[in-house]
Number of protein chains: 2
Amino acid sequence: MSATRDRSTGVEHAARAVAPGRPAHPARGIPEATVARLPVYLRALVALAERGIATCSSEELAGAAGVNSAKLRKDLSYLGSYGTRGVGYDVEYLRYQIAREIGVTQDLAVVIVGIGNLGHALANYAGFTSRGFRIVALLDSDPDRWSESVGDLAVVPLDRLEEVVAAESVAIGVIATPASAAQPVCDRLVAAGVTSILNFAPVVLSVPDGVDVRKVDLSIELQILAYHEQRKAVGA
Amino acid sequence: MSATRDRSTGVEHAARAVAPGRPAHPARGIPEATVARLPVYLRALVALAERGIATCSSEELAGAAGVNSAKLRKDLSYLGSYGTRGVGYDVEYLRYQIAREIGVTQDLAVVIVGIGNLGHALANYAGFTSRGFRIVALLDSDPDRWSESVGDLAVVPLDRLEEVVAAESVAIGVIATPASAAQPVCDRLVAAGVTSILNFAPVVLSVPDGVDVRKVDLSIELQILAYHEQRKAVGA
DNA sequence: TAGATTGTTAATCGATTAACAATC
DNA sequence: TAGATTGTTAATCGATTAACAATC
């Protein structure tokens with residue numbers, strides 16, 4: 001078992017060795033903080049493109065992404081030199097380069113396990129089905145749900161997890177089960193070959209090295225806000 | 001408009017002045033990274049307590065929380081000295097101290113705006129209604145939803161937002177609307193007096209200084225996983 | 001006292017930011 | 001050429017970690 005990275009708490013992820021003293025051509029090893037912002041830039045670029053904007057400065061793009069321009073330029077510098085001094089960035093070109101860097105140009109297969117309220121919401125969520133991801137199965141252990149379908153996908157028995165993962169080469173598993181089911185489901189996903197997990201259950205998952213886990217935890221987000229609320233009340 | 005902190009991308013939040021050179025008694029100014037982990041420790045302590053465990057070492061608690069013990073001890077040291085050398089921590093006592101520090105001992109009023117699939121899931125989510133938070137209203141602009149109710153709360157017209165926020169002294173607003181509605185809803189929440197926002201809509205919200213925004217973005221989480229998937233595929 | 005474990009120090013690491021030389 | 005804006009440097013800041021003295 002190794003620690004997995006949690007975006008909000010900063011636990012480091014499985015060792016990913018980078019050859020030291022080897023400055024490979026397209027500069028491998030983008031900082032994790034930068035990786036986490038690339039999707040934000042991508043979304044901002046898509047929005048600019050939809051508004052018909054062909055070129056933008058780092059200042060404009062940074063504004064749209066909610067970061068400062070120095071950070072944006074530093075982040076983009078890890079990918080390469082895709083701007084033009086004195087001019088700015090070509091929106092479509094930069095968009096393509098970032099999409100390629102993230103890897104959303106290739107369709108990744110996703111399964112969602114646990115089709116309760118949250119699972120339903122996730123299955124319907126447009127951002128999930130947008131380019132780069134393909135939901136291939138909705139799994140649940142409750143027979144009452146096997147008659148349901150969300151969009152054009154039926155809810156299938158959890159028993160079929162291994163079969164589906166193998167058949168579709170599933171790379172990403174989304175866990176939206178109750179807390180008690182999360183670790184067993186995670187173990188099965190990993191055993192079946194899934195190497196990335198997005199966990200919505202309020203538990204710390206144990207996974208072997210090489211498996212990435214990201215965690216979205218609603219009540220933790222609320223509690224962080226509560227902490228700051230308390231400070232405001234005292235200070236003011 | 002000022003930048004607001006986004007947990008995954010690390011945009012700094014509204015200036016929160018700390019008197020310099022003034023080492024106040026209970027040491028104000030807990031690092032943001034530590035604040036984000038306190039709820040994780042709290043949950044781990046609750047789980048230990050439920051298993052009937054009365055005392056634990058930093059090593060054990062760290063294991064349950066998914067961090068290393070040095071980090072845990074450093075984090076706890078910002079709150080005070082709540083352990084006993086040679087012995088460890090009293091689970092109930094530490095649990096109380098962390099809960100008090102976060103401020104979940106006082107009930108904060110929460111409204112959820114946008115009662116689609118995700119809003120439904122949030123309204124039902126046990127973590128939301130657990131101690132420390134009180135959902136006081138579910139708001140939606142769609143008349144078709146005004147007849148619905150989730151749990152014992154009815155969905156009410158968005159028009160009543162200001163009225164509800166004022167009547168219940170709402171501190172936290174949860175935005176689960178489509179992207180296009182998020183900024184206008186945010187503006188109304190802020191104008192009505194809400195100072196903390198949890199945003200599920202895929203947009204960067206602009207808010208005045210003093211308002212905290214946290215963002216949960218499902219497609220961005222997936223894209224971060226996709227980036228690492230791509231690396232694994234290349235490396236292996 | 002001997003063993004265990006905290007709380008803190010100091011070193012290291014990574015991320016942010018301002019400033020500016022390079023260059024369109 | 002003059003103005004604009006990138007890409008990069010270097011300084012700063014904050015977070016992590018190992019190690020260990022303090023102390024139960």
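These values consider heavy atoms only, across backbone and side chains, with no hydrogens, waters or symmetry-generated copies. Letters A, B, ... are given to chains in the order of the sequence lines, protein chains preceding strands, and every chain is numbered from 1.
- Although no hydrogens or angles enter the test, the distance criterion places a donor-acceptor pair under 3.5 Å between the side chain of A:Q230 and the main chain of B:R100.
- Counting non-hydrogen atoms of other residues, nucleotides and ligands closer than 6.0 Å to OH of B:Y93 gives a total above 12.
- Taking every side-chain heavy atom of B:N68 into account, D:dT17 is the closest of C:dG7, D:dT17, C:dA22.
- Nucleotide D:dG14 forms a pair with C:dC13, judged by Watson-Crick or G-U wobble geometry with both contacts under 3.5 Å.
- A straight line from OH of B:Y78 to P of C:dT9 spans 11 Å, rounded to a whole angstrom.
- For the residue pair B:S196 / B:D212, no side-chain donor-acceptor distance below 3.5 Å is found, with atom types taken as modelled.
- When the P atom of C:dA18 is taken as reference, atom CG of A:L72 falls 14 Å away, rounded to whole Å.
- Nearest to the side chain of B:E32, among D:dA15, C:dT17, D:dA18, sits D:dA15.
- Side chain of A:K74, nearest nucleotide from C:dT17, D:dA22, D:dT5: C:dT17.
- One atom, CG of B:L76, and another, C1' of C:dT8, lie 13 Å apart when rounded to the nearest Å.
- Following rounding to the nearest Å, B:K71 (NZ) and D:dA19 (C1') show an atom-to-atom distance of 17 Å.
- Residue A:Y89 places at least one side-chain N or O under 4.0 Å from the OP1 or OP2 atom of D:dG7.
- A:Q223 places no side-chain N or O within 3.5 Å of a backbone atom of B:A99 that could act as its donor or acceptor partner.
- Taking atom CD of A:E59 as the reference point, atom P of D:dG7 lies 14 Å away to the nearest angstrom.
- Taking atom CG of residue A:D75 and atom C1' of nucleotide C:dA15, one finds them 10 Å apart after rounding to whole Å.
- If you measure from atom CZ of B:R73 to atom C1' of C:dT5, you get 8 Å, rounded to the nearest angstrom.
- In this structure, the side chain of A:Q183 engages the main chain of A:S206 through a donor-acceptor pair within 3.5 Å.
- The base of D:dT6 lies close enough to the side chain of A:R85 for a donor and an acceptor atom to sit less than 3.5 Å apart.
- Straight-line distance from the CG atom of A:L94 to the P atom of D:dT6: 11 Å, rounded to whole Å.
- Contact between the side-chain N/O atoms of A:S58 and the OP1/OP2 oxygens of D:dT5 is not found at any separation under 4.0 Å.
- Comparing A:S77 and A:G86 against DNA chain D, the residue whose closest nucleotide sits nearer the 5' end is A:G86.
- Under the Watson-Crick and G-U wobble criteria, each requiring two contacts below 3.5 Å, nucleotide C:dA21 is paired to D:dT6.
- Across the interface with DNA chain C, nearest-nucleotide mapping of A:P31 and A:T84 shows A:P31 to be the residue nearer the 5′ end.
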